[in-house]
2 protein chains.
Amino acid sequence: MNQATPCPPFPSLPPGSAPVACVDIGGTKVAVHIADADGECAKIVEPTVVQGSRDALAKQVIGLIERAAAQAKLDRKQISRVGVASCGPFVVQDGFLELAAPNLCGGLANGASGLPNDWLTAPIEAPLRELFPFVRVENDAVGALEAERRWGALHVAGSALRHCAYVTWSTGIGTGLCVEGRVLRGKNGNAGHAGHIFVSRDDSARCGCGNLGDVEGLVSGSAITRRFGPMGYANAASLFNAAYAGDARAVSIIDDLCDIMGRMLYNLIATLDLERISIGGSVYWHHRDYLLPRLRRVVQGKLPALTDGCEIVSVGLGDRVGDYGALALVA
Amino acid sequence: MNQATPCPPFPSLPPGSAPVACVDIGGTKVAVHIADADGECAKIVEPTVVQGSRDALAKQVIGLIERAAAQAKLDRKQISRVGVASCGPFVVQDGFLELAAPNLCGGLANGASGLPNDWLTAPIEAPLRELFPFVRVENDAVGALEAERRWGALHVAGSALRHCAYVTWSTGIGTGLCVEGRVLRGKNGNAGHAGHIFVSRDDSARCGCGNLGDVEGLVSGSAITRRFGPMGYANAASLFNAAYAGDARAVSIIDDLCDIMGRMLYNLIATLDLERISIGGSVYWHHRDYLLPRLRRVVQGKLPALTDGCEIVSVGLGDRVGDYGALALVA
């Protein structure tokens with residue numbers, strides 16, 4: 001359904017750079033790649049571990065870094081810097097960031113998320129700092145925003161845009177926000193959790209964070225499975241395939257999802273007076289030609305003084321934005 | 001209904017400062033005061049002129065500055081700086097800001113706002129710059145935010161808070177936003193128009209900006225008159241008085257207004273990871289003891305990783321926050 005979009009070549013680190021590990025933690029999979037001055041030299045992807053004790057995820061990440069390093073014929077000790085782009089939010093525990101992410105921690109919504117664990121948080125920064133000299137953990141949408149501003153659709157005429165956002169429509173919904181050229185972080189680095197805002201008062205869908213009817217609870221990949229699985233659409237792919245085949249109910253469901261996501265995009269513009277938003281994530285990326293005009297239509301005409309000067313575009317870094325996002329944190 | 005809240009004394013400009021004019025343009029009234037090193041020396045308040053040609057408002061403001069200066073025994077030429085805190089949004093026309101405010105410009109919503117003019121914009125910066133050497137025009141909520149961070153509830157233990165917002169619940173709804181110590185402005189200085197975000201899909205109420213069912217269209221002072229006037233509540237005062245007297249329908253309407261405003265406050269916290277929000281404005285200020293606990297209750301428990309560390313408080317500068325806001329722009 002989608003036009004072929006060329007993705008820029010994977011950026012290389014400056015000559016002589018020591019190798020870095022780039023970790024992308026999502027609700028569905030964990031990707032680790034090793035990069036150095038010659039570009040990407042190894043990559044491993046695995047389903048995210050969400051079972052066992054609450055340090056299981058950190059152990060998985062460390063194991064993946066070691067295996068990817070070995071693939072690149074490196075010892076773990078040769079890895080100088082680790083960038084972790086993860087779904088959030090984070091909490092600070094004894095000075096280190098832990099993940100309190102609705103798509104990882106089953107204890108946050110009293111089991112409503114269906115995750116097979118009762119974690120309230122999962123450690124990540126502390127165990128990595130025991131092994132590596134430099135560790136930077138950021139929200140994955142912040143990493144993707146930085147990558148889009150350096151190498152992707154938020155880099156225009158040789159410069160990073162000053163007022164912009166990256167939005168991911170994936171297993172969860174995340175946003176990275178930039179105003180006056182500065183990436184917004186907030187008091188605990190959790191700015192950009194606009195996936196958990198309310199644009200409707202429909203409280204029939206519980207989000208993994210516990211909220212009833214926030215954007216992520218209504219439209220994320222996992223929400224689509226939870227809400228429309230019982231209607232015969234096992235996941236986002238089957239819902240979209242039904243719509244493409246002419247199923248009127250599926251078309252109407254997707255129109256409704258676009259109305260909700262479009263309102264979230266509009267809310268970001270009205271709140272931050274942005275000049276461009278780029279959208280990626282697995283749900284969006286696979287169906288971008290169908291979704292982009294529908295999302296634009298929802299935004300268009302609302303408060304023209306703010307929306308007229310704001311473009312909505314597809315992610316420039318395509319389905320590799322997660323890899324680039326983790327790299328942007330350490331490059 | 002409200003506790004007496006002492007307002008800090010009006011701040012003086014540094015010794016030897018030339019007099020400044022502070023202009024506060026709202027949907028209901030325009031206030032102009034003159035301040036110098038001895039504090040406030042004259043003040044005039046008038047209903048906002050929203051009839052006649054589109055430069056009528058600028059002429060009113062200039063006339064008020066001249067009369068206030070005369071009251072202070074000053075000539076207009078002795079006024080060195082003019083700060084204008086106005087309801088927005090703004091558009092840039094030939095390099096100067098003009099107001100495109102739904103509460104002033106009747107042409108924006110095809111007459112649905114009920115305003116007696118067909119203005120799409122009203123000039124303000126250009127006519128003032130012809131007469132005064134320094135003019136600064138900002139959104140009134142940005143001015144109020146700066147004043148609250150210098151002298152009010154967003155100034156804590158001798159410092160301005162770094163992650164905070166000021167919200168006005170008045171004729172319209174406005175927000176001033178600050179992250180990492182920087183006031184957010186956006187591409188045209190219109191960041192903070194969160195009063196025009198959607199937190200519901202109830203499209204029965206048209207906002208002055210043309211949106212159907214945004215926050216301002218549902219809960220602002222003018223929206224209360226439009227929506228509930230036909231039910232016998234002529235304005236916000238009569239709605240609240242009915243609730244205080246035990247009218248169950250009025251109580252239920254106000255609970256609903258608080259749910260909408262509370263969702264807007266929550267959306268700001270989830271988007272920006274704030275540490276404190278202060279609320280003012282005529283609707284809020286007159287009924288703050290009734291409204292504050294209801295608003296807090298809506299926010300509480302939503303995404304605790306972000307909301308737990310964020311306080312919601314009443315404006316420290318009380319009903320003088322507009323005067324202080326205009327002063328903060330030139331002090």
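These numbers were taken from a predicted model, which means no experiment stands behind them. Chain letters run A, B, ... following the sequence lines, proteins first and then strands; every chain starts at 1.
- The line from CG of A:Asp308 to CG of B:Asn188 is 10.5 Å long, rounded to the nearest 0.5 Å.
- Chain B is approached within less than 4.5 Å, heavy atom to heavy atom, by A:His163, A:Leu177, A:Val179 from residues 158-179 of chain A, ordered by number.
- Contact annotation for B:Arg185: both backbone and side-chain heavy atoms come within less than 4.5 Å of a heavy atom of chain A.
- With respect to chain A, the highest number of heavy-atom pairs below 4.5 Å among B:Ala194, B:Gly301, B:Ala305, B:Ala270 belongs to B:Ala270.
- For residues 258-268 of chain A, heavy-atom neighbours of chain B at less than 4.5 Å comprise A:Asp259, A:Ile260, A:Arg263, A:Tyr266, A:Asn267, A:Leu268, sorted by residue number.
- Residues forming a side chain to side chain contact (heavy atoms under 4.5 Å, CB included) with A:Asp118 (at least two apart in sequence, or on another chain): none.
- Looking at A:Ile197 and B:Leu303, their side chains never come closer than 4.5 Å, going by heavy atoms from C-beta outward.
- Neither the backbone nor the side chain of B:Val215 comes within contact range of chain A; no heavy atoms are under 4.5 Å apart.
- Counting heavy atoms from C-beta outward, A:Leu184 and B:Thr271 have side chains that stay 4.5 Å or more apart.
- Proximity to chain B is limited to the side chain of A:Glu180, based on heavy atoms less than 4.5 angstrom apart.
- Looking at A:Val92, neither its backbone nor its side chain comes within 4.5 Å of chain B, counting heavy atoms on both sides.
- A side chain to side chain contact (heavy atoms under 4.5 Å, CB included) with B:Lys187 holds for exactly one of A:Leu274, A:Leu272, A:Asp273; it is A:Asp273.
- Among residues 199-214 of chain A, the residues having any heavy atom closer than 4.5 Å to a heavy atom of chain B are, in sequence order, A:Val199, A:Ser200, A:Arg201, A:Cys209, A:Asn211.
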